[in-house]
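As structure tokens, the structure follows; a few thoughts come after it.
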Amino acid sequence: MSIIKLAWKNIINNPLSLLLSIILFALGIGLISFLLQFNKQVSEKFEANLADIDLVIGAKGSPLQLILSSMYHIDNPTGNIKIEDAKPFLNPNHPLLKTSVPLSLGDNYHSYRIVGTNHDILPLYKAQIDEGNLWHDDLDVTIGHDVAQETGLKVGDKFVSSHGFDHDDDLAHNDSSFKVTGILVPSGTVLDQLILTNTASIWNVHNHESTEDNAENHKHSEEEHEHHNGHTHEGSLHDHDNSNADLLTHPEEQITSILIQYKNKTGLQALNMPRAINENTKLQAASPAYEINKLNNMVGIGTNTLKILGILIAFVSAISIFISLFKSLKDRKYELALIRVMGGSKIKLFTLVILEGLIISIIGFLIGIILSHLGMYFAGNFMEKDFRYSFNAFSFIKEEFLLALASLAIGLISAIIPAIQASNTEINETLSKKNF
Amino acid sequence: MLKTENLSFKYENGNSFLFPDIDTQDGGITLVLGKSGIGKSTLLHLLAGLMPPHTGNIWVNQEDISQMKGSNLDQYRGKNIGIIFQQNHFISSLSVLENLLLAQSLAGNEVNSKKCLNTLKQLNIEEKANKKTNQLSQGERQRAAIARALVNSPSLILADEPTSALDDENCEIVIDLLSHIAKQNNSALVVVTHDGRLKSKELDTIVLH
């Protein structure tokens, strides 16, 4: 009959107050742990997807919406822009721009967004091809790792997209089928969830619709485009070279937005560019760092409030442990004297009560951690359904180790006064009162 | 065995007691008789090493416990002195057997459930071993308390008013049981009581005045 076993027997002898203490403890720790995990994983995702992009240019509207739709692919775009209006920013010789990646949104396959863009998007996210090749011809697509996993698409497979951002069979573009030419290595970024193709493919799909399947007309426009291009294609008529220069030959067409990297981030001209765009053009320029910071601050108020709530619950649970130990000591005064009579030292009594506090806090901690990971699992499912963002519910973070230490400290602190009291139990007085 | 010399105690409020010397034999039974307030409980606490005497020495098993302190004394008490209280308290979260196992462990002895069960058998409550102590009858509780006092084979057993709450018949049974057990375990038994009925048992008797 070790002292630990005695402590355990003592606390389960009073199951109701044990339950109360453990529930409070688990809720407090669980809430804090959940918020730590959630914040960490969300900000990791956001960090990874910042991709060193300095500016996003798109249609006028909410700058946050522009960022969310073009960089995180979780909101609808603010609208489309005409290539004619965006000409300077697609010009490969622009003196301030290192990279400019056009994006065209508007279609999906099983809710995975199809993005018309060029190959420059890959280095932004440090993405690499895993199987097959990058898209080359019109209607070729290269798909992200998660897309391949979830939809089962393989290299060589064909599929039909549907219009908009939510999967809907009625809105399928039945006449144009995309062909998978490659699958990307998982990069942990939003590219895992995207279907990449060239810009012309998006136009292509929508032109079919606008021309009511008028093949002749379509062919004609393609030939015209061929002509504009001014160079020969080796492959099909639908070949584009994926370059921005190519886009510039279609000033009447539309794209959704442009991701920009500056040559010199701190240059005065670069710093002035967003304001110049917003004031002097039909376009909108939004800075991801600024908008995401703003978003974090807004979300931060919520998570901070919840965190304070968690700390408050943990504090109340400490008081609950303290009260239940204190009360049980009053009831057990004679038992404590008995332990001394049977040979237990003062230190043993002290240890006994401390152990009782620690056992409660350890159980509470473990249940809290289980709760928080279950919470992450469900939050992850929800996020994946609605935003195509995935969470890892079963990764453990070092903050949880700190939480474990904090839990032990709470158990220890709430038990220390009752423990001192227990170790000072007056044997003679206690025994005399009832006995002699 | 137990031997005391020149034992006295002084309370802070000025009450003081001087006790006659005690010298018992192993297996012998000594009766300490006295009215209430004469210092019986004080003597019992001194003999149990629960408080230090003002003057004098107490030898239990040849060691002077009046010179011991702190956890040494606690441990020595646990190993060598078994105490049976008037009211039989136990650790309520534990079973009868677990209470005995705890007594072994606290005394620093080997934890041996076979020995505990044997002791319970000796007192004829073996079948109650796994019951919680609050499920026992009054008589069973007393026997369980005796078993706990015996489980470490102490050289001294102290019993406080073991019979005063009992009727004549049970008084007889308990005192016979105690003296039998003390002989069987070769322990010295000191019974502190005001119960006049025990005078007739012709035991070594010390009367406090």
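Naming: A, B, ... by sequence-line order, numbering from 1 per chain. Just so you know, these numbers use all the heavy atoms, side chains as well, and skip hydrogens, waters and symmetry mates.
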Using modelled atom types only, decide if a donor and an acceptor are shared between the side chain of B:R77 and the backbone of A:R340 within a distance under 3.5 Å. yes
Pick one of side chain, backbone, both or neither for [X], based on which atoms fall under 4.5 Å of a heavy atom in chain A.
X      : value
B:L94  : side chain
B:F90  : backbone
B:K132 : side chain
B:A48  : neither
B:S92  : both

When rounded to the nearest 0.5 angstrom, what is the spacing between [atom1] in [X] and [atom2] in [Y]?
X     : Y      : atom1 : atom2 : answer
B:H89 : A:R332 : NE2   : CZ    : 14.5 Å
B:I91 : A:N13  : CD1   : CG    : 10.5 Å
B:D74 : A:L349 : CG    : CG    : 8.5 Å
A:S2  : B:L102 : OG    : CG    : 9.5 Å
B:N99 : A:E335 : CG    : CD    : 8.0 Å

Quick one: sort the A:Y334 and B:F85 rings into parallel, tilted or perpendicular, breaks at 30° and 60°. perpendicular
Which of the residues B:S71, B:G78, B:S105, B:S93 is involved in the greatest number of heavy-atom pairs with chain A at under 4.5 angstrom? B:S93
Please classify the contact between A:K346 and chain B as side chain, backbone, both or neither, with a heavy-atom cut-off of under 4.5 Å. backbone
Does any non-hydrogen side-chain atom of B:V151 lie less than 4.5 Å from one of A:M342? no
